[in-house]
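Below: one structure, written as structure tokens.
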Amino acid sequence: MKGNRTMRVWSGIVAALGMAVAVPASAFAPGVSPAGLWLSPHSNVAVRTAPCGARLCGWVVWASPAARADAKDGGVERLLGTELLENYAADGSGAWTGTVFVPDTGRRFASRIDLPNADTLRIRGCLWGGMLCRSQNWSRIAQVPHG
């Protein structure tokens, strides 16, 4: 059961890893910015991405009761406010590389994010030095979900 929960939370977290950073305009397609509010593919976590120094970070601003319970089972008492996207730096190809924190396991993994279009944040997280990777597309939203 924990394996299923881990994959569900990993899916939510990896997707919830929205980003925004002070980056050169050339890092993304014209008018496209990773800064903003993003909803996971399972609609269970919302992340706000913004600059954190010269890097990009993303913090949980909303989570469903199930996502909060899964995080608590993993040792994270308060999911809201948790930094999921850590220390992302532009890699020169229009993408960012950094670390994603998965609260239900208490572990961090290498990650890469990019924007296929203005309303989609693609997050790719990898385990074991890139041997096992998973990608998710998060959707840009205008406001934090209710409930």
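Side-chain atoms are counted along with the backbone in the values below, which use heavy atoms only and exclude waters and symmetry mates.
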Side-chain contact test, heavy atoms from C-beta onward, threshold under 4.5 Å: evaluate it for [X] versus [Y] and give yes or no.
X: D73; Y: D104; value: no
X: I123; Y: V100; value: no
X: P103; Y: D70; value: no

What pair of heavy atoms forms the shortest contact from [X] to [Y], and how long is it?
X: E83; Y: C57; answer: OE2-SG, 3.1 Å
X: W59; Y: P51; answer: CH2-O, 4.3 Å
X: E86; Y: F101; answer: OE2-CB, 3.9 Å
X: Q143; Y: H146; answer: NE2-CE1, 3.9 Å
X: L127; Y: F109; answer: CD2-CE2, 2.5 Å
X: N44; Y: W62; answer: C-CZ3, 3.5 Å

Report task. Show your reasoning for whether side chain to side chain contact (heavy atoms under 4.5 Å, CB included) applies to V76 and T82. Result -> CA-CA 9 Å; V76 176; T82 298; 3.8 Å; yes

Report task. Report the C-alpha separation of L121 and L115 in whole Å, then their side-chain angles, then the decisive distance to 0.1 Å, and conclude whether the side chain to side chain contact (heavy atoms under 4.5 Å, CB included) test is met. Result -> CA-CA 5 Å; L121 179 73; L115 294 164; 3.7 Å; yes

Query raised in the report: Is a side-chain donor or acceptor of R112 paired with a backbone partner of R122 at a separation under 3.5 angstrom?
Result: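 Pair absent, no side-chain N/O of R112 close to backbone of R122.
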
Query raised in the report: Under 3.5 Å, side chain of S111 to main-chain N/O of T99, donor-acceptor pair present?
Result: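 Looks like no, no N/O pair under 3.5 Å.
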
Rounded at 0.5 Å granularity, tell me how far [atom1] in [X] sits from [atom2] in [Y].
X: N137; Y: L39; atom1: CG; atom2: CG; value: 12.5 Å
X: I141; Y: R48; atom1: CD1; atom2: CZ; value: 8.5 Å
X: K72; Y: L79; atom1: NZ; atom2: CG; value: 12.0 Å
X: D114; Y: T120; atom1: CG; atom2: OG1; value: 10.0 Å

